[in-house]
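Structure first, then comments.
Residue numbers run from 1 in the order of the sequence given.
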Amino acid sequence: MQATDSPAPADDAPPGPPGWTRVIGVFDLETTGVDVTSDRIVTAHVGLLDAKGSVILARDWVADPGVEIPDSAAAIHGITTEHARAVGEPAADVVEQIVDVLRSLLDAGIPIVAYNAAYDFSLLSCEAQRHGIAPLRAPSPVIDPLILDKTYDRYRRGKRTLAAVAEHYAVRLDDAHHASADAVAAGRVAQALAQRFAGMLPPRVDELHTRQIAWARAQAASLTEYFIRIGRLDPEERLDGGWPVR
């Protein structure tokens, strides 16, 4: 073995971020509403970020959802029914393409980051079944910055929206509620979390995925108890803690 001039790392050197942060997929949907079973995709983004958070691949879609886009939803993401009908691709084509791109990334072992992943992956699954497309079955590995932030900084006060969490981790978010901007910001937040909590995160992405399943279930149970206490839910009601697909 040849000697080198490079010093050995100090025993107390801070751990670096886990290897999964080197290349990550990012995914976001903008939709007609918040019900994963009945609402539809309007715009979507899937991309790749490198270790520095730079975009190295991007794919965007505008869909004609086949239903009216409520004014309340259009006010958030900026896509009206008329615009979607004029420039959007048929919903079935968009859904099939999104599923295919995500499946290819997951098959390659690339983790997909999605903020509040259970919403995007559940709605995509329902859309796939609606159009007779084979959905993603138990997509893995998935990284959810919302789950991670609530786990590792549980008692921080304030909102946990993407905008609020991005600001907390000094991640720039322009054009919020545009699928591409939200997807990229979520990926950079995941990388920031991995940097800050490097010594606490599981080193293997498959282990991190598995732990998020349990964390999501526990967080839903805790939120259920809080909502019952303040009268927002009836005692027999429970929030669904399924993750990343409900």
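- Under 4.0 Å is where a charged nitrogen must lie from a carboxylate oxygen, and between D240 and R238 no such pair does.
- Note that the CD1 atom of I133 and the OG atom of S125 stand 11.0 Å from one another [nearest 0.5 Å].
- Between V245 and P139 the shortest side-chain heavy-atom distance falls below 4.5 Å.
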Please output the side-chain donor-acceptor pairs of residues 46-53 that fall under 3.5 Å, not counting sequence neighbours, one pair per line with the distance.
| residue | atom | partner | partner atom | Å |
| --- | --- | --- | --- | --- |
| D50 | OD1 | K52 | N | 3.0 |
| D50 | OD1 | G53 | N | 3.1 |
| D50 | OD1 | S54 | N | 2.9 |

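- Two different hydrophobic clusters hold V87 and I79 under the rule that ILVMFWY side chains link at heavy-atom gaps under 4.5 Å.
- Both L105 and I56 belong to a single network of hydrophobic side chains, linked directly or stepwise wherever heavy atoms of I, L, V, M, F, W or Y lie under 4.5 Å apart.
- The shortest side-chain heavy-atom distance between I147 and T151 falls under the 4.5 Å cut-off.
- No more than 12 heavy atoms of other residues, nucleotides or ligands sit less than 6.0 Å from atom CD of E167.
- L201 CG to L148 CG: the interatomic distance, rounded to the nearest 0.5 Å, is 6.5 Å.
- Counting all heavy atoms, side chain and backbone alike, V171 lies closest to A185 at CG1-O, 3.8 Å.
- Put simply, the side chain of R211 reaches to within 4.5 Å of the side chain of P202, judged on heavy atoms.
- Panel note: side chain T32, backbone D39; no donor-acceptor pair is recorded below 3.5 Å.
- A donor-acceptor contact shorter than 3.5 Å is absent between the side chain of E207 and the backbone of P203.
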Practice prompt. List the steps, then state whether side-chain contact (heavy atoms from CB on, under 4.5 Å) holds for I98 with V94.
Written response: CA-CA 6 Å; I98 296 169; V94 169; 3.6 Å; yes
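- The nearest pair of heavy atoms linking V189 to A166 is CG2-CA, 3.8 Å.
- Closest approach of A134 and R103 over heavy atoms only: O-NH2, 3.3 Å.
- Residue R59 holds its CZ atom at 11.0 Å from CG of L102, rounded to the nearest 0.5 Å.
- A donor-acceptor pair is defined here as one N or O able to donate and one able to accept, closer than 3.5 Å; such a pair exists between the side chain of S122 and the backbone of R246.
- Here the side chains of R188 and R172 are not in contact, with every heavy-atom distance at 4.5 Å or above.
- Neither side chain, D28 nor H45, offers a donor N or O lying under 3.5 Å from an acceptor on the other.
- The backbone N or O of A128 lies less than 3.5 Å from no partner atom in the side chain of H131, so there is not a single donor-acceptor pair.
- Between L106 and P141, the closest heavy-atom pair is CD2-O, 3.5 Å.
- The pair D149-R156 meets the salt-bridge criterion, since a charged nitrogen lies less than 4.0 angstrom from a carboxylate oxygen.
- A distance of 11.5 Å separates OG1 of T21 from CG of L193, quoted to the nearest 0.5 Å.
- Under the side chain to side chain donor-acceptor pair (under 3.5 Å) criterion, W20 pairs with no residue, sequence neighbours left out.
- T81 places a side-chain N or O within 3.5 Å of a backbone atom of I69 that can act as its donor or acceptor partner.
- Linking Ile, Leu, Val, Met, Phe, Trp and Tyr residues whenever their side-chain heavy atoms come within less than 4.5 Å places L162 and V55 in a single cluster.
- Among D234, I230, I228, the single residue meeting the side chain to side chain contact (heavy atoms under 4.5 Å, CB included) criterion with R232 is I230.
- In this structure, T224 contributes its side chain and A220 its backbone to a donor-acceptor pair below 3.5 Å.
- The OG atom of S222 lies 14.5 Å from the CZ atom of R217; values are rounded to the nearest 0.5 Å.
- No chain of hydrophobic side-chain contacts below 4.5 Å, direct or via other Ile, Leu, Val, Met, Phe, Trp or Tyr residues, connects F27 to V34.
- Looking at D182 and H177, their side chains come closer than 4.5 Å, going by heavy atoms from C-beta outward.
- By the 4.0 Å N-to-carboxylate-O rule, R130 lies close enough to E127 to be salt-bridged with it.
- Residues A63 and A84 share a closest heavy-atom pair of O-CB, 3.6 Å.
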Please tabulate, one pair per line, all N/O donor-acceptor pairs under 3.5 Å involving side-chain atoms of residues 112-121, not counting sequence neighbours.
| residue | atom | partner | partner atom | Å |
| --- | --- | --- | --- | --- |
| Y115 | OH | R160 | O | 2.5 |
| Y119 | OH | T31 | OG1 | 2.5 |
| Y119 | OH | G33 | O | 2.7 |
| D120 | OD1 | L29 | N | 2.9 |

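- Linking Ile, Leu, Val, Met, Phe, Trp and Tyr whenever their side-chain heavy atoms come within less than 4.5 Å puts Y152 and Y169 in one cluster.
- The two atoms that bring I143 and P111 nearest to each other are CG1-CB, 4.0 Å, heavy atoms only.
- Between the side chains of W243 and Q212, not a single donor N or O lies within less than 3.5 Å of an accepting N or O.
- Of the possible donor and acceptor atoms, none in the side chain of E30 sits under 3.5 Å from a partner among the backbone N and O of H77.
- In this structure, the side chains of L124 and L136 come closer than 4.5 Å at one or more pairs of heavy atoms.
- Using a 4.5 Å heavy-atom threshold, the side chains of T43 and W61 count as separate.
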